[in-house]
Every structure is written in structure tokens, then in C-alpha cells.
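Since this is a predicted model, take the numbers as computed values, not measurements.
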Amino acid sequence: MNVTINQKNTDLPDNATVADAVAHVQAKPPFAVAVNTQFVPKTRYAEHALAAGDAIEIISPVTGG
């Protein structure tokens with residue numbers, strides 16, 4: 001299935017979860033994930049199923065002033 005991860009079109013298996021998307025981009029903690037602008041808690045990554053066309057954002061905190 002085709003999804004968007006951080007504004008890049010990406011192909012994932014049809015039964016992919018948020019955990020699969022995180023592994024695909026090899027995200028390094030700390031980060032937060034949103035699917036279609038809805039926050040997904042870390043405890044739900046493995047069970048939150050993705051659908052074709054979903055927009056996933058994997059966001060790392062930024063420091064500065």
C-alpha cells in the first residue's frame with residue numbers, strides 16, 4: 001500500500017502498522033508519531049493499522065531559542 005511518511009510517498013505491506021512505518025524510516029528516539037494529524041501513543045504503534053493514503057508524520061523534538 002502507498003502511504004506518505006514525512007511528506008514522502010512510501011510503499012509498505014498491506015497489513016502495515018505504525019511500528020512498521022517507524023522501522024521503515026529507522027527513526028531514532030525521541031520522536032512522536034501522528035497519523036492523519038492524530039497523535040498515536042507509543043503503546044499503540046504495533047496495533048495501529050495503516051490504510052492506503054494515510055499521512056504519517058514522525059517528528060523529533062527540536063531545541064533552540
Side-chain angles (χ1 to χ4, degrees):
M1 89 175 107
N2 189 275
V3 298
T4 304
I5 301 176
N6 293 346
Q7 302 176 357
K8 293 181 184 175
N9 288 330
T10 305
D11 284 318
L12 293 176
D14 286 341
N15 58 350
T17 64
V18 170
D20 296 320
V22 168
H24 181 80
V25 298
Q26 300 175 345
K28 303 283 188 249
F31 58 83
V33 177
V35 176
N36 301 323
T37 71
Q38 297 295 313
F39 171 74
V40 178
K42 184 177 182 179
T43 57
R44 297 200 30 94
Y45 288 1
E47 57 192 58
H48 188 107
L50 298 173
D54 278 350
I56 301 111
E57 295 293 330
I58 302 173
I59 306 157
S60 297
V62 177
T63 59

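For the salt bridge (Lys or Arg N to Asp or Glu O under 4.0 Å) condition, no pair includes a residue of residues 16-43, sequence neighbours left out.
If you take NE2 on H24 and OG1 on T10, they are separated by 4.5 Å, rounding to the nearest 0.5 Å.
Both V18 and V25 are members of a single hydrophobic cluster when ILVMFWY side chains are connected at heavy-atom separations under 4.5 Å. A continuous path of ILVMFWY side-chain contacts below 4.5 Å connects M1 to V33, so both sit in one hydrophobic cluster.
When all heavy atoms are compared, the tightest approach of S60 to P30 is OG-O, 3.6 Å.
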Could you list the donor-acceptor pairs under 3.5 angstrom formed between side-chain atoms of residues 43-59 and any protein atom two or more places apart in sequence or on another chain?
unit_1 : atom_1 : unit_2 : atom_2 : d
R44    : NH1    : E47    : OE2    : 2.5
D54    : OD1    : N36    : ND2    : 2.9
D54    : OD2    : A51    : N      : 2.8

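Every side-chain contact (heavy atoms from CB on, under 4.5 Å) that P13 has, sequence neighbours left out, goes to N15, A16. The side chain to side chain donor-acceptor pair (under 3.5 Å) check on D11 picks up N2, with sequence neighbours excluded. By the side-chain contact (heavy atoms from CB on, under 4.5 Å) test, T4 pairs with N9, sequence neighbours left out.
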